[in-house]
Asker: 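This is the structure I want to talk about, given as structure tokens.
Side chains included, hydrogens not; waters and symmetry mates left out as well; all remaining heavy atoms used. Letters go in sequence order (proteins before strands), and every chain restarts at 1.
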Amino acid sequence: MRIAGRIMLRRGQGKVFFLEIRDWTERIQVFVGKNQIGEAGWAIAGHLDLGDLVGVDGRLGFTKTGELTVFAGHLVFLAKSLLPPPEKWHGLTDQEQRYRQREVDLFSNPESMNVLLGRSKIVSAFRSVMAAKGFVEVETPTMQSIAGGAAARPFVTHHNALDIDLFLRIAPELYLKRLLVGGMERVFEIGRVYRNEGLSPRHNPEFTMMEAYQAYGDYHAMMDLTEALFASAIEAVGGGFVRTWGEATIDFTLPWPRRTYHDLVAECAAIDPHDPDAVVERARAAGIETAGKDQVVVLSELFEAVVEDQLTGPVFVIDYPAEICPLTKRKTTNPAVAERFELYIKGVELANAYTELNDPILQESLFRRQLAGLPAEESMAKMDDEFIRALRHAMPPAGGLGIGVDRLAMILLDRSTIRDVILFPLMRPRSAAPPP
RNA sequence: GCCCUCCUAGCUCAAUUGGCAGAGCAGCUGACUCUUAAUCAGCGGGUUGAAGGUUCGAGUCCUUCGGGGGGCACCA
């Protein structure tokens, strides 16, 4: 049999020694004996160090102690490690180095390898589900002249030939909806979005979002799709539907509860959300500044302060106040309520979806309106003339969905920080001179 | 931006009240043909993140700076 991999351990015993070789799936022991591989092979073997990559041809068998072993008949030097590997027992434990030198982390800590391969399984599962449901994967601009589709501070860059500033996208939403207008009835995109905001265990400036749009669907269809996607992701990484995340236990058994925003505020804050005085009073009690802010902005901040942390299991929070959802269709029975949901798990927002607003007249007026208490930067409502023009050609009624892939990976792979599920999280560059 | 905390050999970590900077692994030399983080004998390896200060004496105390981690804020 023939194997290749990195030398992780070497145990010498005179004219025979044992190697532990690891590839990205497994480790196996190799027996190398002077009499067995001959003078030339023994000469090569003398130069092997921990960290080197070698190829081995030999017979598969068992040692005296019963360990599965490749008895080397021939050794091939594949690549030399000039730098010493991390300590063989503890591996690389320093967080900074694990992120800065991810390649070393990956080959020395199998746990890290499994987590990051697990992330890839989740993304593959998403693609399989979407393909099975007839969605096509597309790619839309990541450099945009208007950073629309979400509320976030964008990164700015510059195109020299056109001499224009461009924003790195904060969401692909508006372009994907233009594809609906064009007749691509089921589209999705998995890609990076960029938000110029702080770093935290749940925030990296670039992160991966999946957005999907389904013509003739609505937000209920998106809830069903979300459940199907998560179920498939859970099956892909294994471990069942009742899972631990840190100290917590999360039960993903389908279906998940669908609770209205209104009911949750009433329940968690113990007030009537329709009573403006009660909302303001309760918000002040929670330490929220209310002066000069619209009622819905206060309500929204109250929701975050009082409700979000109590949303433990997977729960769809549905039917948001229309004023804070400028891209969402209103309920035909109640125009004050938008057909939107957010999926929360242990207080973390994992998904956000709408029945998409497809009325160009209303959309334009919502883009022009600015809610009091919200600076332009924090508003989703940014005028995008190209998008409005597209809507004027008639966009089919549709459901749209966005899922934070990194946060899902964190929860399904039981990691407490988003940096553990991103191959190369953003770090401040080292100022010291790099090694030669 | 604010608060807490950490930074000692390539890696993992010690160093008592402020009193000679150490160990294991890795490396080098030697012994060993069935080991399991192999073992045994020996040898090298340091501007203790940086600069300044207090002190007879600083890895240890103080100040500033750099970097990391955690938390807060931000992220509707």
Asker: Give the dot-bracket string for RNA chain B, reading 5' to 3', where a pair is Watson-Crick or G-U wobble with both distances under 3.5 Å, ( ) marks pairs inside the strand, [ ] marks pairs crossing earlier ones, | marks a partner on another strand, and . marks unpaired.
Answerer: (((((((..((((.....[..)))).(((((.......))))).....(((((..]....))))))))))))....
Asker: Please figure out whether Asp94(A) or Gly33(A) has its closest RNA chain B nucleotide nearer the 5' end.
Answerer: Asp94(A)
Asker: Look at the side chain of Thr93(A) and the base of U12(B), then say whether one donor and one acceptor between them are separated by less than 3.5 Å.
Answerer: no
Asker: Can you tell me if Arg119(A) and Thr208(A) form a side-chain donor-acceptor pair at under 3.5 Å?
Answerer: yes
Asker: Over how many whole Å does the gap from Tyr99(A) atom OH to C7(B) atom P extend?
Answerer: 19 Å
Asker: Which listed nucleotide (C32(B), A73(B), C34(B)) is nearest to the side chain of Lys15(A)?
Answerer: C32(B)
Asker: Strictly by modelled atom types, are Gln95(A) and Arg98(A) linked by a side-chain donor-acceptor pair under 3.5 Å?
Answerer: yes
Asker: Base, sugar-phosphate alone, or nothing: which one does Lys88(A) contact when heavy atoms must sit under 4.0 Å apart?
Answerer: sugar-phosphate
Asker: In whole angstroms, how far is the C1' atom of C40(B) from the CZ atom of Arg11(A)?
Answerer: 17 Å
Asker: Report which part of the nucleic acid Ser300(A) touches: base, sugar-phosphate, or nothing (heavy-atom distance under 4.0 Å, all strands).
Answerer: sugar-phosphate
Asker: Have a look at Gln29(A) and say if it touches a base, only the backbone sugar-phosphate, or nothing, with a 4.0 Å heavy-atom cut-off.
Answerer: base
Asker: Choose from G68(B), C11(B), A26(B) the nucleotide whose nearest atom is closest to any side-chain atom of Leu50(A).
Answerer: A26(B)
Asker: Which of the following nucleotides, C34(B), G68(B), U12(B), is nearest to the side chain of Met427(A)?
Answerer: G68(B)
Asker: Quick check for you: among G70(B), A26(B), C34(B), whose closest atom lies nearest to any side-chain atom of Thr417(A)?
Answerer: G70(B)
Asker: Side chain of Glu87(A) only, heavy atoms from C-beta on: which candidate in U35(B), G24(B), A76(B) is closest?
Answerer: G24(B)
Asker: Counting side-chain heavy atoms from CB outward, which of A38(B), A76(B), G68(B) is closest to Glu96(A)?
Answerer: G68(B)
Asker: I'd like to know if Glu67(A) reaches the base of U35(B) with its side chain, counting only an N/O donor and acceptor under 3.5 Å.
Answerer: no
Asker: With no hydrogens and no angle check, do the side chains of Thr63(A) and Gln29(A) hold a donor and an acceptor under 3.5 Å apart?
Answerer: no
Asker: Figure out the NE2/P separation between His90(A) and C25(B), and round it to whole Å.
Answerer: 12 Å
Asker: Heavy-atom distance under 4.5 Å between the side chains of Ile324(A) and Phe303(A), does that happen here?
Answerer: no
Asker: As a test of reading the structure: which of C11(B), G10(B), C34(B) is closest to the side chain of Leu92(A), going by heavy atoms?
Answerer: C11(B)
Asker: Looking at C11(B), G71(B), A76(B), which one has an atom nearest to any side-chain atom of Ala151(A)?
Answerer: A76(B)
Asker: Does any non-hydrogen side-chain atom of Leu311(A) lie less than 4.5 Å from one of Val317(A)?
Answerer: yes
Asker: Taking the side chain as C-beta and beyond, is there a heavy-atom pair between Leu75(A) and Val56(A) under 4.5 Å?
Answerer: yes
Asker: Which nucleotide, C34(B), A76(B), A73(B), lies nearest any side-chain atom of Lys64(A)?
Answerer: C34(B)
Asker: Quick one: do the Arg59(A) and Gln36(A) side chains pair a donor with an acceptor below 3.5 Å?
Answerer: no
Asker: Is it true that, when you exclude Arg389(A) itself, more than 12 heavy atoms of the residues, nucleotides or ligands shown sit nearer than 6.0 Å to its CZ?
Answerer: yes
